[in-house]
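Have a look at the structure below before the remarks.
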Amino acid sequence: MRWTEFFIPTTKEVPKDAVVASHQLMLRAGLIRQLAAGVYAYLPLGYRALRKIENIVREEMNSAGAIELHMPCLQPLELWEQTGRTQAMGDVLLRLAGPAGDWRTQTCLGPTHEENVTEIVKAYVSSYKQLPINLYQIQTKFRGEARPKSGVLRTREFLMKDAYSFDRDKAGLDVSYQKMYDAYCRIYTRCGLPYIAVEAESGPIGGDASHEFMVLTEAGEDYVAMSENGDYAANTERATCAPPRISAAPLTGSGAALSEIHTPGAGRVEDVCKLLGTTPAHMIKTLIYRTATVEATSHRKGAASGPPARVIALVRGDHDINDHKLAKISGLRLELADPRTIEELTGAAVGFAGPQGLFDRLRPGEQLIIDRDVEVMTSAATGANRTDYHVDGVVPGRDFPLESRGESGAAVKVADIRNVVDGDASPTGSGSPLRLRKAIEVGHVFKLGTKYTAKDSLDATFLDADGKPKPFIMGCYGIGLNRIMAAAIESRHDDGGIIWPMSIAPFEALIVALDPRDAQVMSTAAKIHDELAAAGVDVLYDDRDERAGFKFKDADLIGIPLRIVVGRKSLAEGVVEMGRRAGGEAVKLPPSEAVGRATALVRELRG
RNA sequence: CGGGGCGUAGCUCAGCCUGGUUUAGAGCGCUUGGUUCGGGACCAAGAGGUCGGAGGUUCAAAUCCUCUCGCCCCGACCA
């Protein structure tokens, strides 16, 4: 391909809206063009890279036994109502607008395709003899992201590979899941991504096991907790750490009475610490939750009614509650209580709650959930349950219970309900400290089980060998293709531009002709171009009538892995120069040898 | 949804506070001619803008006021 016959709109200046490196470089290199917030066009160079990624994904999915199909973007809302996800998705589900009763109001743009595949499999797969089966597609997804950001990393429209496995039983799912997990590792390796697989929170989608594939980078928006010795890695949504050491001294307390301290207006931990002369680590945060008002988890009729249940959660002042953990421990879908509920329970304004005495005010079925690190505190400061007052000297076990007493009916639980922090010990017991790193999620694998196939969902069953209908056991597996591209650029660039890995580079080799007016230079460059192309190398030939410096800058920017420079000076010595964008010395070699050497190198680096 | 910032030429921005010498500017990019030619050259001449939109104040609005739309960042949310 000749540059002058292609379309590569590079720019020298950085558009002001671009903040992260991948976004800036993708714009400058002419890979993408923004049309609206979170909506991008892929220009020819960007599209070539995207298609290379797509091909790698397709090859690995096929070789893992998955079968490609293509499902529609337009989906009937009814399908989503059957699984209760119109509510669960909320604003993420993009609906079409139209007059009341119009078909448009009954249609949405698919953010994912669990319902759609399940419907297909339900219709056509009726016997265990047809299982297992894994169907996948590479499709445009639409999501009403509240805040698109970081260029192509978080968008409202994106390309995703989504696969769905259907198995006869859990053992089959384990096999299907592992196949996908392994295929994902091969995909990221082939794409040249420095990825890690971490334990992940499966979220409202349900399921009992889940891994995310992450690329560590400051541009990411997830946090991964990794132990220094590498024996543990998990998304912070899920990460746990070794339990705190129980202090040796029995916690009977000093016997000292609680002392109330006037702390006017100090509702926040830092403010209180200042007034009390203590540190957050010596405080207990008391958070009041209540069961969620919106029954987002259930579309079934007759779900929980009556007054909302309250849950008191305690964590150390320097820790943060992890809502996923809290939800799991409590078994309830919770939200932070409104001020009125808090005042009613504590008798104080928001910001002055403390655990002492509160437990006795809970009704049967309500809960006090104590973080492990609070259990082992010897004495703590916390809210006094009196507006503008805090207390010091609160002793767990003495001033509030650490286990259920039975008669009251309200439960006490001690558990890990906080986010890990930098320096926590690895949960493996190795004692290695955890470090928090920012990361981009480039893929996610779930074990779904029967969430979509169960009777109260889409009721998708097959006849097992025993002649009885059973729900399919599902798994789902997603890869964000645009994110792979951005993540590759995030992790592989320098001041000059992108450094593509050979496998996903829009072109594999770039020929730069330095003296466009010199007939011999041009004919030599053209000959190398033609022969490389004939050898199956994706080659771009910069035949523009530009100065050398200008061409070199563009070459660095668009980051083609292999560069062959044809110039009058070196040609006078009978050589051309071949070098790699990734670095290292360029080698001089006769034009006649260039094609062979370049072809061999390209093949070697394709992976 | 809360907080902050920004909308002036394809791109980066100045002008706005303090309305009128501005017939709206600069640099990059683009066109034409010339000189240059191994790391984003130079000279000369050009093309290109409903100043995001609507309404208002005023003799007069890019500039002041109101509303509105869009984009970016932080937070909330999030398969």
[X] side-chain proximity, nearest of [options]:
X        : options             : result
A/Arg547 : B/U36, B/G40, B/A79 : B/U36
A/Val19  : B/A79, B/C73, B/C78 : B/C73
A/Asp515 : B/G40, B/A79, B/C37 : B/C37
A/Gln34  : B/G40, B/A79, B/C71 : B/C71
A/Arg483 : B/A79, B/C77, B/C71 : B/A79

Next item on the list: Over all heavy atoms of both residues, which pair between A/Val224 and A/Ala439 is shortest? Give the atoms and the distance, please.
Entry: CG2-CB, 3.7 Å
Between [N] ([atom2]) and [X] ([atom1]): distance, integer Å:
X        : N     : atom1 : atom2 : result
A/Glu573 : B/G38 : CD    : C1'   : 12 Å
A/Asp545 : B/G38 : CG    : P     : 13 Å
A/Gln24  : B/C72 : CD    : C1'   : 13 Å
A/Phe142 : B/C78 : CZ    : C1'   : 18 Å
A/Leu109 : B/A79 : CG    : P     : 19 Å
A/Glu145 : B/A79 : CD    : P     : 10 Å
A/Leu514 : B/G38 : CG    : C1'   : 6 Å
A/Ile558 : B/G40 : CD1   : P     : 18 Å

For [X], which contact category applies under a 4.0 Å heavy-atom criterion: base, sugar-phosphate, or nothing?
X        : value
A/Ser150 : sugar-phosphate
A/Glu577 : base
A/Glu441 : base
A/Arg156 : nothing
A/Ala36  : sugar-phosphate
A/Asp91  : nothing
A/Gly567 : base
A/Ala37  : sugar-phosphate

For nucleotides [N] and [M], find the distance between their [atom1] atoms and express it as a whole number of Å.
N     : M     : atom1 : value
B/C71 : B/U35 : C1'   : 43 Å
B/C67 : B/G49 : C1'   : 25 Å
B/A44 : B/A14 : C1'   : 25 Å
B/G4  : B/G10 : P     : 31 Å
B/G70 : B/U8  : C1'   : 15 Å

Can you name the atoms? Protein N/O to nucleotides 30-34 of chain B N/O, anything below 3.5 Å, with the distance.
none

Notebook entry, point to check: Do A/Phe472 and A/Phe166 have ring centres separated by under 6.0 Å?
Noted result: yes
Next item on the list: Sequence neighbours left out, what passes salt bridge (charged side-chain N to carboxylate O under 4.0 Å, His left out) with A/Asp323? Give chain and number order.
Entry: none
Check: Does OP1 or OP2 of B/C74 have a side-chain N or O of A/Arg147 closer than 4.0 Å?
Finding: yes
Determine, for [X] against [Y], whether the closest basic-nitrogen to carboxylate-oxygen distance falls under 4.0 angstrom.
X        : Y        : value
A/Arg85  : A/Glu115 : yes
A/Arg154 : A/Glu145 : yes
A/Asp554 : A/Arg544 : yes
A/Asp320 : A/Lys285 : yes

Item checked: Side-chain donor/acceptor contact of A/Arg28 with base of B/G40 under 3.5 Å -> yes
Next item on the list: Scan residues 517-527 of chain A against RNA chain B and write down, sorted by residue number, each residue with any heavy atom closer than 4.0 Å; if none is found, say none.
Entry: A/Arg517
Pair assignment for [N], Watson-Crick or G-U wobble, requiring both distances under 3.5 Å:
N     : answer
B/G75 : B/C1
B/C37 : none
B/C13 : B/G25
B/U31 : B/A45
B/A54 : B/U66

Margin query: Between A/Gly38 and A/Ala548, which residue's closest nucleotide on RNA chain B lies nearer the 5′ terminus?
Written below: A/Ala548
Check: How do A/Pro516 and A/Ala146 order along RNA chain B: which one's closest nucleotide is nearer the 5' end?
Finding: A/Pro516
When you compare the protein's N or O atoms with those of nucleotides 10-15 of chain B, which come within less than 3.5 Å of each other, and at what distance?
residue: B/C11; atom: O2; partner: A/Glu13; partner atom: OE1; Å: 3.1
residue: B/U12; atom: OP1; partner: A/Lys16; partner atom: N; Å: 3.0

Checklist line | Of all pairs that satisfy salt bridge (charged side-chain N to carboxylate O under 4.0 Å, His left out), the ones with a partner from residues 518-529 of chain A, not counting sequence neighbours | finding: A/Lys527-A/Glu531
Next item on the list: Quick one: which residue pairs count as a salt bridge (charged side-chain N to carboxylate O under 4.0 Å, His left out) with a foot in residues 12-21 of chain A, not counting sequence neighbours?
Entry: none
Kindly give the atom pairs (protein nitrogen or oxygen, nucleotide nitrogen or oxygen) under 3.5 Å for nucleotides 42-50 of chain B.
none

Item checked: side-chain hydrogen bond (donor to acceptor under 3.5 Å, both in side chains) partners for A/Asn134, two or more places apart -> none
Margin query: Atom CZ of residue position A/Arg156 - does it have more than 12 heavy atoms of other residues, nucleotides or ligands inside 6.0 Å?
Written below: yes
Margin query: Check this for me: A/Lys179, atom NZ, are more than 12 non-hydrogen atoms of other residues, nucleotides or ligands nearer than 6.0 Å?
Written below: no
According to ring pair (Phe, Tyr, Trp, His ring centres under 6.0 Å), who are the partners of [X], at least two apart in sequence or on a separate chain?
X        : value
A/Tyr541 : A/His529
A/His23  : A/Tyr40
A/Phe6   : A/Phe507
A/Tyr195 : A/Tyr188

Margin query: I want to check a possible cation-pi pair here: A/Lys447 against A/Tyr177, using under 6.0 Å from ring centre and within 45° of the ring axis as the test.
Written below: yes
Next item on the list: Would you check if there is a donor-acceptor pair between the side chains of A/Asp162 and A/Gln137 at a distance under 3.5 Å?
Entry: yes
